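We count residues from 1, following the sequence as given. In this text, all values refer to a predicted model and were calculated from it rather than measured experimentally.
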Amino acid sequence: MAAGSSNYWEDLRKQARQLENELDLKLVSFSKLCTSYSHSNSREGRRDRYSSDTTPLLNGSSQDHMFETMAVEIEQLLTKLTGVNDKMAEYSSTAGVTSINAALMHTLQRHRDILQDYTHEFHKTKANFQAIREREDLLGSVRKDIESYKTGSGVNNRRTELFLKEHEHLRSSDRLIEETISIAMATKENMTSQRGFLKTIQSRMNTLANRFPAVNSLIQRINLRKRRDSLILGAVIGICTILLLLYAFH
């Protein structure tokens with residue numbers, strides 16, 4: 001019975017790790033899609049005045065379709081991982097595993113933290129993509145209005161030039177913002193990997209401390225002895241100082 005329960009727990013952990021690996025790959029691709037979408041729209045915006053409007057629309061619709069497909073796949077993986085975590089929580093709370101409940105809860109908490117990080121990263125990337133798409137739609141509408149004004153009337157060229165210059169300023173600002181977002185996302189990925197590395201080190205240290213309680217007790221006794229020696233040394237120095245002051249005043 002114990003062996004069967006242990007196998008069930010290990011199967012759940014295997015499923016969780018597999019889903020976490022798939023989610024990690026999907027989120028990296030999702031982030032790259034968001035970045036490439038903004039960059040491609042920037043390049044298309046610069047070519048807009050010299051080419052037809054059909055190519056950007058086709059590229060945009062294709063990337064939108066990829067975005068929706070990947071978002072659905074990631075949401076399905078998050079749902080599956082949530083279900084596996086729920087099964088692990090149910091297993092760790094059963095009466096038959098109370099002796100190892102602390103270790104199980106520690107492992108379960110790690111998987112929950114990973115799920116929370118992935119969920120937060122997915123929603124943040126999705127929100128960034130939607131914001132970029134809404135901004136590109138707005139700027140595309142402005143470009144169309146400018147082009148229709150140019151081709152329709154052709155009378156107020158000075159105002160048209162001012163509109164175009166303002167539009168170029170907006171595009172430059174957008175490019176700077178997109179580069180900043182890309183740098184921030186790369187920094188976040190590095191910090192996430194460092195956090196995982198530190199969590200692994202902490203887990204190993206906790207495992208060593210639990211496996212060798214005598215070492216932990218010895219370290220505590222050494223710290224207590226150091227503290228006691230410091231107090232004794234401070235008291236001796238204080239008494240000597242008082243005696244010297246009494247001798248000096250006599």
Side-chain angles (χ1 to χ4, degrees), residues 17-51 53 55-78 81-82 109-144 146 163-203:
R17 285 195 294 267
Q18 183 179 358
L19 290 171
E20 288 165 1
N21 291 334
E22 292 180 14
L23 274 168
D24 188 64
L25 295 175
K26 288 285 185 184
L27 287 171
V28 170
S29 301
F30 197 60
S31 177
K32 288 181 179 177
L33 175 63
C34 178
T35 304
S36 65
Y37 181 89
S38 62
H39 289 170
S40 64
N41 276 280
S42 298
R43 291 192 296 270
E44 288 162 4
R46 290 194 293 271
R47 293 196 304 261
D48 246 3
R49 287 173 293 173
Y50 308 103
S51 61
D53 293 333
T55 302
L57 289 174
L58 288 174
N59 290 340
S61 63
S62 174
Q63 288 178 321
D64 288 347
H65 178 69
M66 289 177 62
F67 169 79
E68 297 296 338
T69 302
M70 291 186 69
V72 170
E73 291 174 355
I74 292 173
E75 285 174 349
Q76 289 174 350
L77 288 173
L78 288 172
L81 185 56
T82 302
Q109 187 59 42
R110 273 192 351 189
H111 286 292
R112 282 176 171 172
D113 291 341
I114 292 172
L115 173 61
Q116 184 177 2
D117 290 341
Y118 284 160
T119 303
H120 176 72
E121 184 176 353
F122 168 67
H123 289 305
K124 185 176 179 180
T125 306
K126 184 178 180 182
N128 288 338
F129 186 96
Q130 290 173 342
I132 291 171
R133 185 167 57 182
E134 290 172 0
R135 187 175 69 247
E136 292 296 332
D137 291 340
L138 178 61
L139 292 174
S141 176
V142 172
R143 285 197 299 269
K144 288 179 182 177
I146 292 173
F163 273 123
L164 290 173
K165 287 181 180 179
E166 187 65 26
H167 173 65
E168 290 299 326
H169 288 314
L170 287 173
R171 298 299 302 178
S172 299
S173 300
D174 285 337
R175 286 194 293 272
L176 290 175
I177 292 172
E178 288 161 6
E179 290 174 359
T180 305
I181 291 174
S182 299
I183 293 171
M185 291 175 69
T187 305
K188 180 184 178 297
E189 290 178 1
N190 291 332
M191 292 181 67
T192 302
S193 63
Q194 290 177 8
R195 179 184 176 188
F197 181 68
L198 291 175
K199 279 186 178 180
T200 304
I201 293 176
Q202 182 182 5
S203 175

So, applying side chain to side chain contact (heavy atoms under 4.5 Å, CB included) with I132, which one of R135, E134, Q130 is it?
R135
Between M185 and K124, does a side chain to side chain contact (heavy atoms under 4.5 Å, CB included) hold up when you go through it step by step?
CA-CA 10 Å; M185 291 175 69; K124 185 176 179 180; over 6 Å; no
Any chance you could measure N128, atom CG, to S182, atom OG, to the nearest 0.5 Å?
10.0 Å
Distance check, rounded to the nearest 0.5 Å: E73 atom CD versus K26 atom NZ?
3.5 Å
Just how far is it from atom CD1 of I177 to atom CG of L170, taken to the nearest 0.5 Å?
9.5 Å
How many angstroms lie between CZ in F129 and CG in L33, if you round to the nearest 0.5 Å?
5.0 Å
Using 4.0 Å as the upper bound for N to carboxylate O, is an ion pair formed by E20 and R110?
no
To the nearest 0.5 Å, atom CG of L81 lies from atom CG of L23 at 6.0 Å
Excluding sequence neighbours, so at least two apart, what forms side-chain hydrogen bond (donor to acceptor under 3.5 Å, both in side chains) with S29?
none
So that I can tick it off, tell me whether K126 and E121 are bridged by a salt bridge, with the cut-off set at under 4.0 angstrom between side-chain N and carboxylate O.
no
The side-chain hydrogen bond (donor to acceptor under 3.5 Å, both in side chains) partners of R195 (sequence neighbours excluded) come to D117
Distance-only donor-acceptor check, side chains N190 and Q194, under 3.5 Å:
no
Who pairs with T119 by side chain to side chain contact (heavy atoms under 4.5 Å, CB included), at least two apart in sequence or on another chain?
L78, L115, H123
With rounding to the nearest 0.5 angstrom, report the CZ to CD distance, F122 to E75.
4.0 Å
